[in-house]
Amino acid sequence: MELLTINEIEKSLAEARSYIQEAIDASRGIDSLKKMAAALLDHANNIKLEREKIIKVEEDVPIPLHLVCLKHGLPYNDAERILAINSIKNPNFVSGEISIYAR
């Protein structure tokens, strides 16, 4: 999974909102589209905030991803999120530079 930059998030948000605006212009009576656009904006803002909390750490020896979480004060269930933002082939043997969420 590839991480998007802040500019890429903004660009995709702008494209989605332009499509929603076209649908709203075609049918002004659909209030759910306005709510959807607001929810999309809120979600993109949350993603940008979470994106800024990602830091890089170096693991010298292979260790399980759950231990990486423990070592850096993260809950063990963050392992799935960390796995999603890295290209880790085997979560039981993690080494080298990896991205984690800072707390």
Original post:
Y101 and I55: side-chain contact (heavy atoms from CB on, under 4.5 Å), yes or no, with the steps?
Top reply: CA-CA 6 Å; Y101 292 94; I55 60 171; over 6 Å; no
Subject >> side-chain contact (heavy atoms from CB on, under 4.5 Å) between R17 and M36, worked out >> reply: CA-CA 9 Å; R17 289 179 61 97; M36 186 186 311; over 6 Å; no
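Here the side chains of I82 and N86 are in contact, with some heavy-atom distance below 4.5 Å. Taking 4.5 Å as the limit, every side-chain heavy atom of K71 sits out of range of all side-chain heavy atoms of H66.
Separation of atoms OG (S12) and CG (L40) is listed at 8.0 Å; rounding is to 0.5 Å. To the nearest 0.5 Å, the span separating NZ on K56 from OG on S99 amounts to 3.0 Å. Summarising the geometry, atom CD1 belonging to I100 is positioned 10.0 Å from atom CG belonging to L65; distances are rounded to the nearest 0.5 Å. Distance check: N45 CG to I9 CD1 gives 10.0 Å after rounding to the nearest 0.5 Å. Here CD1 of I54 is found 8.5 Å from CZ of R81. Values are rounded to the nearest 0.5 Å.
When hydrophobic clusters are built by joining Ile, Leu, Val, Met, Phe, Trp and Tyr residues whose side-chain heavy atoms come closer than 4.5 Å, directly or via intermediates, Y76 is not grouped with I88. Under the 4.5 Å side-chain heavy-atom criterion for ILVMFWY residues, no single connected hydrophobic cluster contains both F93 and I98. L74 and L67 fall within a single hydrophobic cluster, where Ile, Leu, Val, Met, Phe, Trp and Tyr side chains are chained together by heavy-atom contacts under 4.5 Å.
Proximity of a side-chain donor or acceptor of S27 to a complementary backbone N or O of I24 within less than 3.5 Å is not detected. The closest donor-acceptor contact from the side chain of N90 to the backbone of N92 lies under 3.5 Å.
In this structure, E97 places its CD atom where more than 12 heavy-atom neighbours from other residues, nucleotides or ligands lie under 6.0 Å away.
Of all heavy-atom pairs between C69 and A79, the closest is SG-N, 3.7 Å.
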